[in-house]
Amino acid sequence: MSSTTPPVNELSPETSEKEESPEATKSLELKDKGNKALIAGRILEAIAAYTEAIECSPKPNAILLSNRAQAYIKVENYGLAISDATDAIEADVNYPKAYYRRGTCEFALSKNKAARKDFRMVCKLKPRDKDARAKFAACDKLVKEAAFSAAIVSLATAPLSDTFDPNSILVAGYDGPHPNGGDVAMGDKEAEQEDFLFSPGNMPMSFVMAAIDRFKDQKLIHKRYVVRLLIHCRRYFQTLPSLLDVSIPDTTDSPNNKEPHVTVCGDTHGQFYDVLNIFSINGTPSATNPYVFNGDFVDRGSFSVEVILTFLLLKMACPQCIYLTRGNHETKNMNRIYGFEGEVKHKYDDKVFDLFLEVFCQLPLAVVIENKVFVTHGGIPVQPVTLDTIRKIKRGCEPPESGLMSDLLWSDPQPFPGKSPSKRGVGFAFGPDITEAFLEKNHLELLVRSHEVKDEGYLVEHGGKTITIFSAPNYCDSMGNKGAFIHFEKHMQPKFTQYESVPHPSIGPMAYAAGMGSLF
């Protein structure tokens, strides 16, 4: 192929043959419309245009199918993207972008052997494409690492949080806040006292607020304090059940709502300055102004470290002020792809990233508010289970490909009854009848989940029984959506607050994706 053809990770403006029929002409026009929408970040509009173009095309068209696959990838609908890419390969077995996009999805789903095979095919079809060779090398490395890990699985080692000594980290050349409120770090003789300040309920709120102010100025707190924080968080979360019970407080100190309530937020995805805006609108988390943040704190946005450190600092200062549930992006593979791993290693180092992973593996999976509202990141199992079963889910691991944990992290609602294969390639899509059965079995009234961007920041489905809440406005600086959060007061009827995005420093999404950003 000519070296002047577009790289395989770009859209295809060309047509595969000379098309002269009215249907073909309309299909070409719709493809161009889809390309423009996708470049502008209007993903759903792009998908709709490509779909219409595919329907108008006189025969299966590899370019159209591959471009729609690219749009599906943008919204993490990997299952649908794999299907389109496979159809594109059947339409044109020598079309490299179809293999590239299918490999991209397989890589995201940790199917590294399949991804390696597809990227190898891209390299065969486009031997001069450096990006394709880099992706093949990355997959090949992961496959070999997995094989090596399997070979030594019997040589189990203790978690890093059990062996890493924070006292070995010298605090020098640091002008930020210290947990004791002093101007200098505590000495070696005070190590035990410093460690105590990071235990649940003993962290000074003054240190937390000083750290948040430092994050606003694009500065970090010292690595020693981050290590202590993560070690204590991992140990604390390990003591909790997989399902938490949350009550509405008797009083509130929220500035804009005088009725006691719990605030539920959805995905924040590293949009630190939008998180601060939530606190500005709704008040700082406290025991009388508690929050539930429903997963996907990190990835995509390039201030993920600041977001998750803020949440964890607040948790250690006042465990009753903030409740955190795990999302599908609090996982090793998502972090590798979508930027959090690169961000942590840029701002701290690989050991700190490993400690974050240990914390993520211990995060609870769901919350029940006042025995009436079930909150989890993705969705519910397609077969009704009891809350006690969810409460006892074993954690401390990366999510398996299927099962209860996978369903809670990955599933999505669908408008029609029954279950369907997930558009994401993991979990299931569940209908209103499945929601109704789950709620009835557990004497609940409502399901609240996140996991999907919504134009208005939220969406009510399943006859009012399912709410999707999404709290990252103008997601990835391109989607144009609002953010939202929910108040639940004593009567337990949801009250929505919407807001727009706020300015942030000029560091774009996926800035730390370490070469993987071009995949997505």
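Side chains are part of it too, since the values below use all heavy atoms of this structure and drop only hydrogens, waters and symmetry mates.
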**OP:** Report yes if the side chains of Phe279 and Leu314 come closer than 4.5 Å at any heavy-atom pair, otherwise no.
**Re:** yes
**OP:** Please examine the side chains of Leu365 and Met405, heavy atoms only from C-beta on, and report whether any two atoms are closer than 4.5 Å.
**Re:** yes
Subject >> With Asp195, the salt bridge (Lys or Arg N to Asp or Glu O under 4.0 Å) member among Arg224, Arg235, Arg228 >> reply: Arg228
Subject >> Those residues that, when tested against Lys216, pass side-chain hydrogen bond (donor to acceptor under 3.5 Å, both in side chains) (two or more places apart) >> reply: Asp213
Subject >> ring pair (Phe, Tyr, Trp, His ring centres under 6.0 Å) involving His462 - partner list, sequence neighbours excluded >> reply: Phe430
Subject >> Minimum side-chain heavy-atom gap Phe237-Leu324 below 4.5 Å >> reply: yes
**OP:** Would you check if the side chain of Arg101 reaches a backbone N or O of Ala85 as a donor-acceptor pair within less than 3.5 Å?
**Re:** no
Subject >> Whether His377 and His451 hold their rings parallel, tilted or perpendicular, with breakpoints at 30° and 60° >> reply: perpendicular
Original post:
Are Asp245 and Arg391 within salt-bridge range, i.e. N to O under 4.0 Å?
Top reply: yes
Subject >> Ring centres under 6.0 angstrom apart (Tyr236, Phe198) >> reply: no
Subject >> Evaluation steps, salt bridge (charged side-chain N to carboxylate O under 4.0 Å, His left out), between Lys258 and Asp253 >> reply: CA-CA 7 Å; Lys258 300 309 178 184; Asp253 59 6; over 6 Å; no
Subject >> pair Phe356-Glu330: side-chain heavy atoms closer than 4.5 Å >> reply: no
Subject >> Tyr291/Phe311 aromatic ring centres below 6.0 Å >> reply: no
Original post:
Can the ring centres of His222 and Tyr174 be said to be less than 6.0 Å apart?
Top reply: yes
**OP:** Would you confirm whether Ser302, through its side chain, and Ile507, through its main-chain N or O, come within 3.5 Å as a donor-acceptor pair?
**Re:** no
Original post:
Is a donor on one side and an acceptor on the other found under 3.5 Å between the side chain of Asn474 and the backbone of Gly480?
Top reply: yes
Original post:
Do the ring planes of Phe272 and Phe215 sit parallel (below 30°), tilted (30 to 60°) or perpendicular (above 60°)?
Top reply: perpendicular
Subject >> Residue list, salt bridge (Lys or Arg N to Asp or Glu O under 4.0 Å) with Arg102, at least two apart or on another chain >> reply: Glu106, Asp118
**OP:** Please test His329 against Asn335 for side chain to side chain donor-acceptor pair (under 3.5 Å), starting from the C-alpha separation and ending with a verdict.
**Re:** CA-CA 7 Å; His329 276 267; Asn335 295 162; 5.5 Å; no
